[in-house]
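No experiment lies behind these values; they were computed from the predicted model shown. Start at 1 and go down the list; that is how both ligands and their atoms are numbered. Side chains included, hydrogens not; waters and symmetry mates left out as well; all remaining heavy atoms used.
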Amino acid sequence: MFPDMKILLIEDEPKVASFIKRGLEEEYYSVDTAKNGEEGLKLALYEEYDLMIVDVMLPLRDGFSVVREIRKNKIVTPILFLTAKDKIEDKVLGLDSGADDYLTKPFAFEELLARVRALLRRQEMEKSVQLKAGDLILDTQTHRVTREGKEIILTPREYSLLEYLIRNKNRIVSRTRLTEHIYDYQFDTSTNVIDVYINKLRNKIDKDFSRQLLFTMRGIGYTIKDDA
Ligand code: CA
């Protein structure tokens, strides 16, 4: 279920448009409709949507051109093409113009719904780049780490260690697993190299803050506690 998801539907055939709109609204999506390419493009550029469904054959401006214009404006919202033709060149042209998926008419509503869900899921996953432990925030795209809003500069290896610990937060991670994670080759896990990195990391993320996040579980491993 994706509550509060807003979908733009650009489709000129009234019957098809109302069939799709009604079906999506029954699934709790909110749907705006446009019945030609110009109107659709205007909405796409000025309103915010989580997904757009665009018919290829449209009056005033065809679907390919609408999508190319949307992408030219750096709008990355997922787009599903609806095409009446199942000619291979149409599909290629559709995906080349910047759509993420296409569906050939006539289609079963269930199939449309499955594709809508898949595209929204993909979108959600790409959006969720922030990992958190207490007031520590790690951005997995920029590798920026902050705590209480202050930036913390980490080496790539410290970052990798911290990301792994946060992904496993509130669980104890053994020294062996950590070693295997930061080295891609066989490493003598009896050495204390991980302890050295952990100490450096602790100095950076915990030392100047009132609440401790990184704990040593003596003889077992390490853990980041979210709710200590
Ligand atoms: Ca049409």
Item to check | Salt-bridge contact Glu11-Lys21 (side-chain N to carboxylate O under 4.0 Å) | outcome: no
Checklist entry - Closer than 3.0 Å to the Ca ion (ligand 1), which protein N, O or S atoms? => result Asp12 OD1, Asp55 OD2, Met57 O
Checklist entry - With a 4.0 Å cut-off, would you call Lys204 and Glu158 a salt bridge? => result yes
Checklist outcome for this item: Residues at least two apart in sequence or cross-chain that pass salt bridge (Lys or Arg N to Asp or Glu O under 4.0 Å) with Arg61, listed by chain then number, are Glu38
Checklist entry - Between the side chains of Asn168 and Tyr222, does any donor sit under 3.5 Å from an acceptor? => result no
Quiz: residues 13-20 side-chain donor-acceptor pairs under 3.5 angstrom, not counting sequence neighbours:
| residue | atom | partner | partner atom | Å |
| --- | --- | --- | --- | --- |
| Glu13 | OE2 | Lys105 | NZ | 3.2 |
| Ser18 | OG | Pro14 | O | 3.3 |
| Ser18 | OG | Lys15 | O | 3.3 |

Next on the checklist: Can you list everything that forms a side-chain contact (heavy atoms from CB on, under 4.5 Å) with Ser174? Sequence neighbours excluded, please.
Outcome noted: Thr176, Arg177
